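Data block below; observations after.
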Amino acid sequence: MQILDTGEVRLHYRVDGDPSGAPIVFANSLGTDLRLWDAVLPHLPAGLRVIRFDKRGHGLSSQPPAPYSMGALVRDAETLLDHLEVRDCVFVGLSIGGLIAQGLAVKRLDQVRALVLSNTAAKIGTPSIWQERMDAVRQSGVEALADATMERWFSRSFRASPDHLLWRNMMVRQPVDGYLGCCAAISGTDFYTPTSGLRLPTLGIAGSEDGSTPPDLVRETIDLIPGSKFELMRRAGHLPCVEQPVEYAALLRSFLTDIGHI
Ligand SMILES: O=C(O)CC1=CCC(=O)O1
């Protein structure tokens, strides 16, 4: 377990794989921690330096009081990558992790050479949707959202298996400030204009049963970046890396090969 104290927040991160390999960085979604990628890692090509972290207010990172700004979340990733002396990484961001990915690519092209925008968009939801969620959490805690969230996160077939309950547990154990803080950051983010200016290899991944960022929404964002590629994972929800880790890793492998990262 490793911790970086940025002065604003203590960030929990993990580095696996080959310390001198080509870097790949994973940023997870609202209500999940870096274990989101556990099942994908064993299926990644050998020789990568694999970096994961818990964004502020999630997992084992510290919990500054809500609200957070997207600028702060991007700065956390930037500070961690500077600390680890990462240049030219492939940054894989899922959902809010994909917003962080877009913000970081706009700011630090020296750190990011390619993007994987998974189950994300340039703008996710509307301020009124996020306000409703924040009100519910303030009143009744994160658990109040859990059942509805499972329907957005997972396909019908995955929800029929008890495995999805582990992810429900992960979600309800996230600190209230972390959850609220990230809702506020998402609510205040519209990256359509900056993302339209990005020129770097990009892979978009969507899940056919994603109730949070449906395929058309993901595609609309991916199409903002010329030359990008889009993959639809069938029978998967918002977290295809959990439901279909082998297939998800295969998409990453093929993208990494295409761009000459491995
Ligand atoms: O909870 C959800 O609906 C899924 C989600 C939206 C943004 C994010 O990071 O996760």
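Because the structure is a prediction, the values reported are computed rather than measured. Counting from 1, the numbers follow the sequence of the chain as shown. For ligands, and for the atoms within them, numbers begin at 1 and follow the listed sequence.
Side chain to side chain, S95 and H238 meet the donor-acceptor criterion of an N or O pair below 3.5 Å. No side-chain donor from either of H43 and R253 sits under 3.5 Å from a side-chain acceptor of the other.
Within ligand 1, counting atoms from 1 as listed, the ones closer than 4.0 Å to a heavy atom of S212 are 2 (C), 3 (O), 4 (C). For ligand 1, the atoms lying closer than 4.0 Å to a non-hydrogen atom of R152 are 1 (O), 2 (C), 3 (O). Residue S29 approaches ligand 1 through these ligand atoms, each under 4.0 Å from one of its heavy atoms: 9 (O). Near I96, with a cut-off below 4.0 Å to any heavy atom, the atoms of ligand 1 are 8 (C), 9 (O). Taking a cut-off of under 4.0 Å to the non-hydrogen atoms of H238, the atoms of ligand 1 that pass are 4 (C), 5 (C), 10 (O).
Not one N or O of I186 is nearer than 3.5 Å to an N or O of ligand 1, by distance alone. The N/O atoms of L30, backbone and side chain alike, include one that comes under 3.5 Å of an N/O atom in ligand 1.
Salt-bridge annotation for D76 and R56: present, with a side-chain N of the basic residue lying under 4.0 Å from a carboxylate O of the acidic one.
Taking the side chain as every heavy atom from C-beta outward, P201 and F255 approach each other to under 4.5 Å.
For Y68, the ring-ring contact (aromatic ring centres under 6.0 Å, His included) criterion is met by no residue, not counting sequence neighbours.
Within the structure, ligand 1 has R133 among the residues with a heavy atom less than 4.0 angstrom away.
To the nearest 0.5 Å, atom CG of residue L203 and atom CG of residue D258 are 9.0 Å apart. One finds the CG atom of N119 at 8.5 Å from the CE atom of M233 (value rounded to the nearest 0.5 Å).
One option in G237, A121, S95 has a heavy atom closer to atom 6 (C) of ligand 1 than any other, and that option is S95.
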